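Written out below as structure tokens is the structure these notes cover.
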Amino acid sequence: MEAFHLLSRGGIKFDKRKYREDVKLFNKSSTSSKNTPSAQKIKNDHLPAELDFFKYTQDAGQKRKPQLDDLGGRKKRRKRDSGPQVEDDEEGNSDAGSIVAVEEQLVTQRHQVKTKGSNVPSHFETFEELRTRYSLPSHISSNLEKYGYSRPTSIQSYAIPILLESRDLAAISPTGTGKTLSYLLPTMIALDSPNSKGKKDYGSGARAVILAPTRELAHQIHNECLKLAEGRKWRITLFSKATASTLADKNVRDKVDIIIGTPLRLVTSLQQGHLDLSNVRHLILDEADRMLDSEFLDQIEEIFATCSRPDVQKAVFSATLPANAEKVAFDVLRDPIRVVVGLKDTPLPSIVQSLTYVADDSSKLPTLLAHLSQPYKPPVLVFTSTQSRASSLAEELVISGVPNVDCLHAGMTKKEREDAIGRMRRGESWITISTEVMARGMDFKGVMEVINYDFPQSVQSYIHRIGRTGRAGREGKAVTYFTNDDAPFLKPIANVLLQSGSPVPEWVVKLPKPSKMKRRQMGRVKRPDTVNKARSIGRNQALKKRDMIAGSKRRKAKEERKVMLETES
DNA sequence: AAAAAAC
């Protein structure tokens, strides 16, 4: 392994001049976002690229135009070519007669946002508007400016008011459209100021919890949160083994404002009695469909049950939310609002997708090497199905003389993972071979291309993987290899390409319906075995019981829970 | 069937 890293870091000579332009772009984008090309664009254009996700499909061949001046013209075009995009709630804000309502609808159409739920709070258009409507703390306001957030994205303009009105929310918005800020901003506004001794009625212990499926993503969210927090003494904890042990001290624990972490880490601390979530007022699931699938569900349920405040606000965010996951989500949300940006399960049109037929597994490596022998724009992200395939492919590429190859999967040590992420962020990796661990949420703004070396296991996986490129209004390229063995699972992915306007070979379109894909998915749902199920039920009943017992009796209930678990196993 | 998440 060490030899491999040596090789991949400096072993091979390479003509960097060939890629000078790309390297320049890449280096730029990995520095402070203040100076990134995208931030510049926001300042210069009337409509930031971040807002204009659908420029390619909606205005094909047309230049972007200043939005406000163009409203009238747009209105007519939209009316002609597509049905209404707004799905009004049962309260009905559809006063078709008033000008305000018409404009409202226009803006909604531009954003392609659908909302569902009772009394949906109105969205906002500028952060200035947000500042006047709600009390936006000045340090947050200046941090937004500092980091180049000059106009809200669609999901931000809808989700932020909903969360600020203390409503529960299920938000679906494509990859790279600013979901993180959509929940961090309102959470921090609602918390108002850092907790400190004897101040206000903040209670003791963390007031907000944000959960993500991987360490890397939790880390990234933490970084974003720290940016917003600059200028005030917020205590934002990235929950790891190390921080967990410091939180064993109640005095430390009580001073935390926001906890960001992975579920199992929190559950472990809960069971050790090192964590108290009874003061949590805001609970957020990022990558919600992943967090609600069978492997995480028990843990999530335990965490939800332990956030015992009756008024805890819950919100779930993802780019994909299959019907079964949505049902689970709606069972835990209270009078929720559902927001969908764009078409569900459709990647951003700025990602150019293609399928590449490789007869069998042994043809993949030559195909990839041939691809990489052509000029390409780094960095490239390559997905494999297993950790060992990721490592061995990385080694193969290094042996074949491909420069700046890196590998990242959860089988590596924490340090190795952090180093690999660091090299990616600094632009030192040109090709990173990875597993599903990198598929969701990770924001490497410069990623030019995603290659699905191994076929993704689901439509959701496909959408999240290719969503590592084409972020924040940039363009991106996504190539997916498929073998004869993958053919039975090809149709659903091909449909995703078709729906987002990417070409698909005719014979693929003609493939029969994917019966095996369904069977495969059924198999996945069935996986939690009966023993696990019984344990989880026991745990939840114990937790419910515990909730009924106030304050000092909590300890006793916890003992009961332990006993119940022991007797079951 | 694999990956991810604790120790």
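Everything quoted here is computed from the prediction, not taken from an experiment. Chain A is the first sequence line, chain B the second, and so forth, proteins listed ahead of strands; every chain is numbered from 1. What you see below is based on every heavy atom in this structure, not just the backbone, and it leaves out hydrogens, waters and symmetry mates.
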Checklist entry - What integer distance in Å separates A:F239:CZ from B:dA5:P? => result 16 Å
Checklist entry - Base, sugar-phosphate, or nothing: which does A:R465 touch, judged by heavy atoms less than 4.0 Å apart? => result nothing
Checklist entry - Contact class for A:P213 (heavy atom, under 4.0 Å): base, sugar-phosphate, or nothing? => result sugar-phosphate
Next on the checklist: By the 4.0 Å heavy-atom rule, please label A:T268 as base, sugar-phosphate, or nothing.
Outcome noted: base
Item to check | Check: A:F455 ring centroid to A:Y481 ring centroid under 6.0 Å | outcome: no
Next on the checklist: OP1 or OP2 of B:dA6 versus the side-chain N and O atoms of A:T262: is any pair under 4.0 Å?
Outcome noted: yes
Checklist entry - Aromatic ring centroids of A:F383 and A:Y453 under 6.0 Å? => result no
Checklist entry - Over how many whole Å does the gap from A:L292 atom CG to B:dA5 atom P extend? => result 17 Å
Item to check | Integer-rounded Å distance: B:dA5 P and A:E216 CD | outcome: 6 Å
Item to check | Residues A:D361, A:R389: salt bridge by 4.0 Å N-O rule | outcome: yes
Item to check | Side-chain donor/acceptor of A:E295 to base of B:dA3, under 3.5 Å | outcome: yes
Next on the checklist: Between P on B:dA5 and NZ on A:K414, what's the gap in Å once rounded to a whole number?
Outcome noted: 11 Å
Next on the checklist: If I take atom CZ in residue A:R417 and atom P in nucleotide B:dA3, what distance separates them, rounded to the nearest angstrom?
Outcome noted: 13 Å
Next on the checklist: Rounding to an integer number of Å, can you tell me how far A:Q460 CD sits from B:dA2 C1'?
Outcome noted: 16 Å
Next on the checklist: Tell me whether the rings of A:W507 and A:Y357 are parallel (<30°), tilted (30 to 60°) or perpendicular (>60°).
Outcome noted: perpendicular
Item to check | Separation of atom CD1 in A:I303 from atom P in B:dA6, rounded to whole Å | outcome: 11 Å
Checklist entry - Using a cut-off of 4.0 Å on non-hydrogen atoms, how would the nucleic acid contact of A:R215 be classed: base, sugar-phosphate, or nothing? => result sugar-phosphate
Item to check | Nucleotide B:dA5, atom P - distance to CG of A:L408 in whole Å | outcome: 10 Å
Checklist entry - If you measure from the Lys or Arg side-chain nitrogens to the Asp or Glu carboxylate oxygens, is any gap between A:D454 and A:K364 under 4.0 Å? => result yes
